[in-house]
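This report refers to the structure that appears directly beneath it.
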Amino acid sequence: MKTNGIDLSGGPDPGRERESPAGPGDGLAATIRGLLPSLTPASARIARLIVEDPAQVARSTISELSALAGTSDSSIVRTARALGFSGYPELRLALAASAARQPPRSTLTSGITRQDSPAEVMAKLVHTESQAVLETETQLDPGQLLGAVLAVCGDGQLHIAGVGASGLVAQDLHQKLQRIGRPCHAHGDSQSALTSAVLLGSGDVFLAVSHSGESRDVLEPLRRAAAEGATTVVITNHPQSSAARLADFVLASAGRETTFRPGAMASRISQLVVVDCLFVCVAQRTYEKSDHALRVTHQALESDRA
């Protein structure tokens, strides 16, 4: 992984790969969800069974799981390896450990239905979004965050791109950084992002926001920015996506989809958590400048309201 001269010696190892996909708390299921788009159809069926009921899979023999998934024993082994384990026995142990750390399964994890009352919708959404926040903590790598923070704290140009719901997240980061005196530009369409990306160079930063990591609107600008030597950062729910493979630093979120909550909604809360982590860490490292900028802008707003 190239780091464009960024010194990472003062923090955690910025290596993108974790030692094990079984992170703390309930991170294993979130990790597997993030890998789903990169799996074969057979492996994806097995992975969905794991995500839906890890405790049941942990109790199942390889033959029982293959029958349940409608696949072969060898597919189970290949899936375990694709998820980062040496084989099915190691995967079962990780699932059993993860299940033991979980509270009792909640009925709120089910999707929202047409018959749900407003109170039920509210309870289910709050529960799901709370889970997304907690799972994002298990997916966001501190070393990757540090690398992105140091890049953003540099003196070069900073361009942020995102389309649709991801564009709203990009705008949120843009507003926050502008407030602490970090000049940056936000792009909500591919042409604007592309024409800016080709003008970047070493020391500049291009940050893309994409839930799937496969949006053509950000992939080509990201590719061109990397080719010009800029440091590239991606906020995505899928750390094995095309965008993630292009990026120097990957900030992984963990949004869930439900019946009435497609990716555009599922991604937003978890991506905003990542944005806040990035923003606060940048403000910490530029404390004097950020503190002054926040006070001055606050005073200006207060004067405008008077």
Show your working on side chain to side chain donor-acceptor pair (under 3.5 Å) between Asp248 and Thr231 and close with a plain yes or no.
CA-CA 6 Å; Asp248 294 307; Thr231 299; 4.6 Å; no

Check: Ala69 main-chain N/O paired with Arg45 side-chain donor or acceptor under 3.5 Å
yes

Do any N or O atoms from the side chain of Thr195 and from the backbone of Ser192 form a donor-acceptor pair under 3.5 angstrom?
yes

Determine whether the aromatic ring centres of His187 and His159 lie less than 6.0 Å apart.
yes

Side chains of Val133 and Ser270, heavy atoms from C-beta outward: is any pair under 4.5 Å?
no

ILVMFWY cluster, Val126 and Val273 together (side-chain gap under 4.5 Å)
no

Treating Ile, Leu, Val, Met, Phe, Trp and Tyr as nodes and any side-chain heavy-atom pair under 4.5 angstrom as an edge, say whether Ile160 and Leu194 lie in one connected cluster.
no

Go through Arg81 and Ser86 one step at a time and tell me if the side chain to side chain contact (heavy atoms under 4.5 Å, CB included) criterion holds.
CA-CA 6 Å; Arg81 291 174 178 168; Ser86 61; over 6 Å; no

Rounded distance (nearest 0.5 Å) linking atom CG of Leu173 with atom CD of Gln178:
10.0 Å

Within the structure provided, determine whether Val57 and Leu91 are in side-chain contact (heavy-atom separation under 4.5 Å).
no

Are any side-chain N or O atoms of Asp204 and backbone N or O atoms of Gly201, one a donor and one an acceptor, separated by less than 3.5 Å?
yes

Do Arg92 side-chain atoms and Ala58 backbone N/O form a donor-acceptor pair below 3.5 Å?
yes

Audit row: His238, His211, side chain to side chain contact (heavy atoms under 4.5 Å, CB included) steps and yes/no:
CA-CA 7 Å; His238 300 292; His211 173 73; 4.2 Å; yes

Taking the side chain as everything from C-beta on, heavy atoms only, tell me whether Arg216 gets closer than 4.5 Å to Glu220.
no

Closest approach of Phe85 and Ala94, non-hydrogen atoms and distance?
CE2-CB, 3.5 Å

Just how far is it from atom CG of Leu49 to atom CG of Leu68, taken to the nearest 0.5 Å?
5.0 Å

Report yes if some heavy atom in the side chain of Asp189 is under 4.5 Å from a heavy atom in the side chain of Val163; otherwise report no.
no

Given Thr61, Thr71, Asp73, the one that forms side chain to side chain donor-acceptor pair (under 3.5 Å) with Ser66
Asp73

Heavy-atom closest pair, residues Gln157 and Leu199:
NE2-O, 4.3 Å

Verify side chain to side chain contact (heavy atoms under 4.5 Å, CB included) between Ser215 and Ser210, making sure each step is shown before the conclusion.
CA-CA 7 Å; Ser215 171; Ser210 174; 3.9 Å; yes

In the structure I gave you, are the side-chain heavy atoms of Thr236 and Ser253 within less than 4.5 Å of one another anywhere?
no

Leu200 vs Val205, test: side chain to side chain contact (heavy atoms under 4.5 Å, CB included). Steps then yes/no.
CA-CA 8 Å; Leu200 300 180; Val205 181; over 6 Å; no

Any donor-acceptor pair under 3.5 Å from Gln144 side chain to Asp141 backbone
no

Within this structure, what is the OG1-CG distance for the pair Thr79 and Leu35, rounded to the nearest 0.5 Å?
11.5 Å

Would a distance-only check, ignoring hydrogens and angles, find a side-chain to backbone donor-acceptor pair under 3.5 Å from Thr136 to Ala254?
yes

Arg223, CZ: over 12 other non-hydrogen atoms inside 6.0 angstrom:
yes

To the nearest 0.5 Å, what is the distance between CD (Glu214) and OG (Ser241)?
5.5 Å

Heavy-atom count around His185 NE2 within 6.0 Å, excluding the residue itself: above 12?
yes

Quick check against the 3.5 Å criterion: does Arg285 have a side-chain atom that pairs as donor or acceptor with the backbone of Cys153?
no

Which atom pair, heavy atoms only, marks the closest approach of Arg59 to Glu64?
O-OE1, 4.0 Å

Shared hydrophobic cluster for Leu177 and Leu294 (ILVMFWY, side-chain gaps under 4.5 Å):
yes

How close do Pro221 and Phe206 get, counting heavy atoms only, and between which atoms?
CB-CZ, 3.6 Å

For Gln139 and Thr31, run side chain to side chain donor-acceptor pair (under 3.5 Å): C-alpha distance rounded to whole Å, both residues' side-chain angles, the deciding distance at 0.1 Å, then the answer.
CA-CA 7 Å; Gln139 301 308 296; Thr31 299; 3.0 Å; yes

Under 4.5 Å between any side-chain heavy atoms of Arg179 and His298, yes or no?
yes

Answer yes or no: are there more than 12 heavy-atom neighbours, outside Arg182 itself, under 6.0 Å from its atom CZ?
yes

Nearest heavy atoms of Ala170 and Ala186, plus distance in Å
O-CB, 4.4 Å

Calculate, to the nearest 0.5 Å, the distance between atoms CD1 and OG1 belonging to Ile180 and Thr286 respectively.
4.5 Å

Side-chain contact test, heavy atoms from C-beta onward, threshold under 4.5 Å: evaluate it for Ile46 versus Leu65 and give yes or no.
yes

Heavy-atom closest contact (Ile50 atom, Leu95 atom, distance):
CG2-CD2, 3.4 Å

Could you tell me the separation between the CD atom of Glu135 and the CG atom of Asn237, rounded to the nearest 0.5 Å?
9.5 Å

May I ask whether Leu39 and Tyr88 are part of the same hydrophobic cluster, defined by side-chain heavy atoms of I, L, V, M, F, W, Y residues being less than 4.5 angstrom apart, directly or through others?
yes

Should Val296 and Val282 be counted in the same cluster of Ile, Leu, Val, Met, Phe, Trp and Tyr side chains packed under 4.5 Å apart?
no

Could you check if a side-chain atom of Lys176 sits within less than 4.5 angstrom of a side-chain atom of Asp276, using non-hydrogen atoms only?
yes

